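Whatever order the structure lists them in is the order used to number ligands and atoms, beginning at 1. Note that the coordinates shown come from a computational prediction; the quantities given were computed from them, not determined experimentally.
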Amino acid sequence: MKVVTKVQELPSACAFVPTMGALHAGHASLFTLAKSYSENVVASIFVNPLQFESARDLALYPRTPDVDIEIAAAAGVTHLWLPNFHDIYPEGFTKLSAGPIGDIYEGASRPGHFDGVVTVVRRFFDLLKPKYAIFGEKDFQQLFLIKTIAAGVEIITAPTFREPDGMAASSRNALLTQEGRQAAAVIFTALKGADSEDQLRQMLANEPLFQLDYADFIDEVDFTHAHSGTQNVRAIVAGWINGVRLIDNMRMELRA
Ligand code: PAF
């Protein structure tokens, strides 16, 4: 695996997996999927300041560079891209807007977050010009918004990688206490067990350590609130445990 900072050293007809590092088994599953699309798998590690709403959150974001290199190499990444800030954001760069769907749910709690995400992802695409880009379904609203700015790049959706207790893998899980990590299993249990929004909220409320932000049923086609005739219903959940923000989602009729 080559580790490079300059985009000129990267193969453009590639399968691309952008990350912010703190890699785990969920990222490894994205790299493995990328390998089935192209011999050239480019992963980036760039902790994007534009998508953090506070300097504290940015500073607290886990950074594990040595482990990241090991995980990426073992999972088939051929090129690890560690861009520097000024290559991604040259003076006078244009900041994109994620539009109104960027302001609801995750966007309501994290103002400006999705503007930062779509800006950096479009910038990656313009610099690298990958053929494919792989994103996990765990960040469902992010995936939805990235599809709106992805012209020229085929977006591949990867299923959420889950821990043995069902918890969605996330770099933020490492910030939980042992007790918090155990309590976090309530999110998956509730998503799998609930048949209505009320039931979902009730099941989440059974875990005193979980502080709810939202638990809603949406139409996954346009992110409007689901109603009785909605065909593609997805439950989306966000909240905090130990002050750590956790999100997850599940397509309703796919639960088994
Ligand atoms: O999902 C992430 O890790 C980030 O939001 C992304 C897509 C790498 C953009 O910084």
Provide the full list of side-chain hydrogen bond (donor to acceptor under 3.5 Å, both in side chains) pairs with a residue in residues 130-152, sequence neighbours left out, each pair given once.
Glu137-Arg234
Output the list of atoms in ligand 1 that are nearer than 4.0 Å to some heavy atom of Gln51, sorted by atom number.
4 (C), 5 (O), 9 (C), 10 (O)
Near Gln142 (heavy-atom distance under 4.0 Å), the atoms of ligand 1 are 1 (O), 2 (C), 4 (C), 5 (O), 7 (C)
Which residues pass the side-chain hydrogen bond (donor to acceptor under 3.5 Å, both in side chains) test with Asn84, not counting sequence neighbours?
Asp87
Short list, please: which atoms of ligand 1 are under 4.0 Å from a heavy atom of Val120?
9 (C), 10 (O)
Residue among Leu145, Asp222, Thr224 satisfying side-chain contact (heavy atoms from CB on, under 4.5 Å) with Ile101:
Leu145
Just which atoms of ligand 1 are under 4.0 Å from any heavy atom in Pro18?
8 (C)
Between Phe124 and Phe46, what is the ring plane arrangement, given parallel below 30°, perpendicular above 60°, and tilted in between?
perpendicular
